[in-house]
Amino acid sequence: MAGPGFINLRLADALWHGVVRAILTEGGDYGRSILGAGARVNVEFVSANPTGPMHVGHVRGAVVGDALARLLAYAGWNVTREYYINDGGAQVDVLARSAYERYREAHGLSPEIAEGLYPGDYLVAVGAALKVKYGDELLDKEEKYWLSEVRDFATGMMMEMIREDLAALDVTMDVYSSEKALYGTGKIEAAIQTLRDQGLIYEGTLPPPKGKLSEDWEPREQTLFRSTAFGDDEDRPVQKADGSWTYFAPDIAYHYDKVQRGFDQLIDIFGADHGGYVKRMKATVAALSGGRVPLDIKLIQLVKLWKGGEPFKMSKRAGTFVTLRDVVEQAGADVTRFIMLTRKNDVALDFDFDKVLEQSKDNPVFYVQYANARVNSILRKAREAGLSVSDAELAAADLSILSHEAEIGMARKLAEWPRLVEIAARGNEPHRVAFYLYEVASDFHALWNRGNDDPSLRFLQDDPAVSRAKIALARSVGVVICAGLGILGVTPVEEMR
RNA sequence: GGCCUCGUAGCUCAACGGAUAGAGCGUCCCCCUCCUAAGGGGAAGGUUGCAGGUUCAAGUCCUGCCGGGGUCACCA
């Protein structure tokens, strides 16, 4: 006994040999779980406004959401990745007006980019495309004649661009849901009615904000959702004083839609600046699903960019606005994805353009990739020496040769993989996979170097039977690293060059 | 001011309510006729912001403070 409640046992080495054999036999399926039992989960992420290219702030959410989706799929869930297009609000009208100016510009007129319009030159192409489609038909017309068409056209092009941005990060959505499509179909009314039937909708006036004096605040009677019944701090308006919907109303309808589509579980990935919406969204889903569907909301903290040892300041005006494309072009999708997962989602993350490209142990991406490259190096050398090392042959090797504590320790580490997958999936925490891979790589590098002092620990030996056993261990490290990188959406490299 | 979130080694961060809280960087010492040293070993470094509480057991859960960040009807 080693203290209350603990019994120390030493497990036979054969157990750990069995782990190595299982990895070689199951390959990339080792660690796959049925924890999710096929439950349908919807992961909504990115959902950037369709008014411009994705910027660096969206990258982390995109990576975390996609890696979480991959993780849950690996752990037995039936996953749907979804993007909610905010194409129903005032910001897409602004987009339309901005694009219209570029359309005029395409006709040789000087654009009037008024204060509040989007100045980005990515809209020049939209203007040109509008000219191709409409010729001079829309020129010198009042806004009411073109606003709707230009809006649809421009948001379409923006979404096209966003899809390409996501593709550059190797992120693919299963479903794109449109906010605009909720209007005029009665879906918002139906969702609100469902709440009304439960007595959760009423006409009332909210108390003024406490503490902080706000100049233009005045009491207004609005239609409110009694979200306080589900733990929110205040009831929330769904209709403005003039009777139109607030932004919150389509959000309610959208989540109702997800519930009605039969998902067993919902996950929303928001920027940390949307932390204030967590309680009301949870209240919404609780009310609309009768408590059946859990909603987990992950808040993604800021990414701080660094370059040349100092913070990289972004400014739209100075043209130092960093887009997703900028990041991917400079760092590569694999490096970007890995680094974005080296922190818990709710902690700020530093992204140093110089450091992430460094090929040294200071760079976790490199460190993990290098471990896998070393595994492949061993396999390559073995084949060159005429040793056949297919997984089947390695699995059939006499693994009892692996008896050194360093080798057993390595196998023990690999044995943690299936459990780690389940812990990470249960908590919706894909970052755990990145940390685990780092640990596996660390153990492997250490084992590799033990061969410097103790030649019996090298993977390639004179006796083919001994070699196969040791290579089996190395190969199983490679299998787990590749499986893990697959969950992170990072391509394993065979060689570091 | 309310709410959310974070606070762990000098720095950046891990740790499903379980044992002696772990890595990396930095500092100091050491290891290549050897599968990629692009790596590794060792030393030093802690009252887990503070104070209570729950528990057989708390960095983790609860309450209150302190500090950083975010957010606060009628914009999305």
Side-chain angles (χ1 to χ4, degrees), chain A residues 1-6 8 49 51 86-92 94 179 205-214 216-222 224 232-237 239-242 244 246-248 250-251 271-279 297 299 301-302 342-350 352 355 358-364 366-367 369-371 373-382 384-385 419-420 422-424 426-427 429 431-432 434-436 438-439 441-442 444-455 458-461 467 470-471 474 495-497:
Chain A
M1 296 289 276
F6 294 92
N8 284 324
N49 285 343
T51 54
N86 289 106
D87 55 1
Q91 79 282 357
V92 283
V94 174
E179 176 194 355
T205 306
L206 289 172
K210 285 171 186 147
K212 200 182 68 173
L213 307 157
S214 71
D216 53 350
W217 191 89
E218 52 187 71
R220 284 203 176 104
E221 181 160 290
Q222 302 168 104
L224 300 169
D232 200 357
D233 312 295
E234 270 182 36
D235 293 336
R236 304 293 172 179
Q239 271 181 326
K240 304 174 196 171
D242 69 3
S244 63
T246 62
Y247 65 87
F248 184 41
D251 281 348
D273 56 341
H274 286 62
Y277 303 96
V278 170
K279 285 184 179 178
I297 298 180
L299 297 179
Q301 261 295 350
L302 289 178
T342 54
R343 289 286 180 275
K344 278 188 296 200
N345 58 281
D346 46 18
V347 172
L349 167 76
D350 288 332
D352 186 326
K355 218 168 179 179
E358 209 171 274
Q359 303 231 324
S360 76
K361 59 180 172 177
D362 303 353
N363 180 351
F366 165 79
Y367 189 79
Q369 292 279 30
Y370 184 35
R374 277 180 154 175
V375 171
N376 282 293
S377 170
I378 292 166
L379 294 170
R380 199 160 48 239
K381 295 278 179 187
E384 283 168 13
R419 188 162 156 272
L420 183 113
E422 297 196 342
I423 291 170
R426 204 178 297 132
E429 295 173 325
H431 74 276
R432 287 179 186 270
F435 281 97
Y436 172 75
Y438 186 88
E439 290 170 16
S442 177
F444 183 67
H445 287 309
L447 179 58
W448 176 290
N449 274 83
R450 293 287 285 267
N452 292 337
D453 300 327
D454 181 352
R458 294 181 196 164
F459 294 96
L460 299 175
Q461 300 285 334
S467 280
K470 291 179 184 295
I471 294 168
E495 241 181 315
M496 309 302 295
R497 288 294 178 206

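Letters go in sequence order (proteins before strands), and every chain restarts at 1.
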Which value, in whole Å, describes the distance between the P atoms of nucleotides B:U47 and B:G59?
13 Å
Report yes if at least one side-chain N or O of A:R374 is closer than 4.0 Å to OP1 or OP2 of B:A37; otherwise report no.
yes
Using a heavy-atom cut-off of under 4.0 Å over every strand shown, decide if A:R458 touches base, sugar-phosphate, or nothing.
base
Pairing partner of B:U12, by Watson-Crick or G-U wobble and under 3.5 Å for both distances, is B:A23
Along RNA chain B (nearest heavy atom to each residue), the more 5'-positioned of A:F435 and A:D233
A:D233
Could you point out which residue of A:D235, A:L206, A:D242 forms a side chain to side chain contact (heavy atoms under 4.5 Å, CB included) with A:Q222?
A:L206
Under 4.0 angstrom between A:H445 side-chain N/O and B:G24 OP1 or OP2
no
What does B:C28 pair with, Watson-Crick or G-U, if both distances are under 3.5 Å?
B:G42
hbond_proxy A:N449 side chain to B:G39 base (donor-acceptor, 3.5 Å cutoff)
yes
Classify the nucleic acid contact of A:R419 as base, sugar-phosphate or nothing, counting any heavy atom under 4.0 Å across all strands shown.
base
What does A:E439 touch in the nucleic acid at a heavy-atom separation under 4.0 angstrom: a base, only the sugar-phosphate, or nothing?
nothing
Partner of B:U60 by Watson-Crick or G-U wobble geometry, both contacts under 3.5 Å, or none?
none
If the C1' atom of B:U8 is compared with that of B:A58, how far apart are they to the nearest Å?
14 Å
Where is the tightest heavy-atom contact between A:Q461 and A:P455, given as atom of each residue plus distance?
NE2-O, 3.0 Å
In this structure, OG1 of A:T51 is separated from CD of A:Q91 (nearest 0.5 Å) by 6.5 Å
Does any nucleotide pair with B:G67 by Watson-Crick or G-U wobble geometry, both distances under 3.5 Å, and what is it?
B:C6
Which comes earlier along RNA chain B counting from the 5' end, the contact point of A:V347 or that of A:K381, where each point is its nearest nucleotide?
A:V347
If you compare every side-chain N and O of A:K279 against the phosphate oxygens of B:C4 (OP1, OP2), does one of them come in below 4.0 Å?
yes
Which part of the nucleic acid, if any, lies within reach of A:A241 when heavy atoms closer than 4.0 Å are counted: base, sugar-phosphate only, or nothing?
nothing
Scan A:E495 against the nucleic acid and name what it touches under 4.0 Å (heavy atoms): base, sugar-phosphate only, or nothing.
base
Check every strand shown and say whether A:N452 touches a base, only sugar-phosphate, or nothing at a heavy-atom separation below 4.0 Å.
base
Would you measure the distance from the P atom in B:G1 across to the matching atom in B:G40 and give it in whole Å?
48 Å
Counting the atoms with a prime plus P, OP1 and OP2 as sugar-phosphate, which does A:Y438 contact under 4.0 Å by heavy atoms, base, sugar-phosphate, or nothing?
sugar-phosphate
Under 4.0 Å between any heavy atoms, over every strand shown, what does A:A474 touch: base, sugar-phosphate, or nothing? Just pick one.
nothing
A:Y367 side chain near B:G40 phosphate (N/O to OP1/OP2, under 4.0 Å):
yes
Should A:K355 be listed as having a side-chain N or O under 4.0 Å from OP1 or OP2 of B:U12?
no
Residue matched to B:G1 through Watson-Crick or wobble contacts both under 3.5 angstrom
B:C72
